[in-house]
Amino acid sequence: MSTMTELSGGPALPQERRIVTAIPGPKSQELMARKEAAVASGVGTVMPVFARRAGGGVLEDVDGNSFIDFGSGIAVTSVGNSAEAVVRRATAQLEAFTHSCVMVTPYEPYVEVCEQLAGLTPGDHAKKSALFNSGAEAVENAVKIARVYTKRQAVVVFDHGYHGRTNLTMALTSKSMPYKHGFGPFAPEVYRVPVAYPYRWLTGPENCAEEAADQAIDQISKQVGAGNVAAIVIEPLLGEGGFIEPAKGFLPRIAEFAKTHGIVFVADEIQSGFCRTGQWFACEDEGIVPDLITTAKGIAGGLPLAAVTGRAEIMDAAHSGGLGGTYGGNPVACAAALGSIETMRELDLPARAKRIEEIMKPRLQKMAEQHGVIGEVRGRGAMLAIELVKPGTKEPNPEATAALAKACHQEGLLVLTTGTYGNVMRFLPPLVIGEDLLNEGVDIVEAALSRL
Ligand SMILES: *Cc1c(COP(=O)(O)O)cnc(C)c1O
């Protein structure tokens, strides 16, 4: 366990699970009453405990409970919370200056993040980047850039896709409740096509990649017209849709189709990127080189930063002043990103993600053999999930998923659910989590599953 604190480099927070009150405890309950009075109800909460400190593989609440963290604030704190290099660099930047606005007077950390992105993202072509505040903003800008470059308007997205909560990204997002319900009308010129979801492909997983690609390409060609499409936007490993790994062969076919027709292929790696899946970026697994890649979440160790990175000639298509925003690429967030990238390199976090898969996946697979409620185990690296069904069928089982999550929370394990059908439990531990803690977390899932 001491190795953990070393790995996280974060504050000396005991790397242990510790439950000392009912969940939620009295202080969290008090704060929750204040939240209900002051915070809009639309801002929901997975777990009704208030955070006090976090680091390594744990999150401590205001009542002194310490939870094993299998959520990383939704795949954000991959380097751990308050990672040493993130805090050191962000603190120095805070003391130097907090903001000048890159559109007014630029600063070095912004440029350095873009240089790092050019080196880390797939492909050895000339690349440029633009920085923003949130993932949704990055996706919006990727679409703006693709449109101005191609002089076309249509955008193609996929079933089960998630791209954000702004008006355009709601349109790009597949699931109605809770993301879109009641919030329309949505942006036009957005077209949705099938994705190769092997577990739920009607004719079975064997020909899923080919059939799904055929259908997607046919729909784009016949219903939209390939020559009208500015961008195809896809998550190489779908996050909010349920940690769906498109069947091998699907992504290369779509990327090839895009290339043939002059369509900008955009990989949305906001959740799957920055070492999460055992590579720097998930699309590397099939050798995909996207024209543009959007990143956020894991990029800056918890500070708000997002980026669009891609082929220089595409990125340069927008006129001067056409891209930007008051805070996009804030210097403190950039400094944090540089600290985060430094940590990823130093600790070889892609390898850590693979090690997490090595430990967790066989254990989850064993559970699936014993419990009919687990329909499938999937994911890569430290982006793993179980899909829950009614035993003996493939019928989604969101009730069991919610019950399992709640049972884990009560035992001191922070887990999240996801999926179009709300029936996927996802595991996104910080990549610096200790192996003892990781195994203890899986023990909790196993025990909760047996009691279900
Ligand atoms: C989270 C997410 C987004 C949106 O990012 P925000 O920072 O919440 O705006 C977009 N795409 C994917 C794949 C995501 O997981």
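Being a predicted model, the structure only gives us computed values, none of them experimental. In each ligand, atom 1 is the first atom listed, and ligand 1 is the first ligand listed.
Geometrically, Lys297 does not engage Phe274 in a cation-pi contact, judged by NZ or CZ lying under 6.0 Å from the ring centre and within 45° of the ring axis.
A salt bridge links Arg253 and Asp214; the closest N-O separation between the charged side-chain nitrogens and carboxylate oxygens is under 4.0 Å. For Glu240 and Lys175, the salt-bridge test fails: no basic side-chain N is under 4.0 Å from an acidic carboxylate O. Comment: Arg147 does not engage Glu189 in a salt bridge, judged by the lack of any side-chain N to carboxylate O separation of less than 4.0 angstrom.
Asp268 OD2, 2.7 Å is the protein heavy atom nearest to atom 11 (N) of ligand 1. The nearest protein atom to atom 15 (O) of ligand 1, hydrogens excluded, is given as Lys297 NZ, 2.7 Å; this is a heavy-atom distance. In terms of protein heavy atoms, atom 9 (O) of ligand 1 is closest to Ala136 N, 2.8 Å. Protein heavy atom at the shortest distance from atom 6 (P) of ligand 1 is Gly135 N, 3.4 Å.
By the criterion of a heavy-atom distance under 4.0 Å, neither the backbone nor the side chain of Ala296 is placed next to ligand 1.
Close approach of ligand 1 to Tyr162 is summarised as follows: ligand atoms under 4.0 Å from at least one heavy atom of the residue are 1 (C), 2 (C), 3 (C), 11 (N), 12 (C), 13 (C), 14 (C).
Aromatic ring pairs are classed by plane angle as parallel below 30°, tilted from 30° to 60° and perpendicular above 60°; the pair Tyr197 and Tyr199 is tilted.
Residue contacts with ligand 1: Glu235 is placed with no nitrogen or oxygen under 3.5 Å of a nitrogen or oxygen of the ligand (distance criterion only).
The heavy atom nearest to atom 10 (C) of ligand 1, considering only Arg165, His163, Glu140, is found in His163.
Test His160, Glu376, Glu387 against Arg200 for side chain to side chain donor-acceptor pair (under 3.5 Å) and you get one pass: Glu387.
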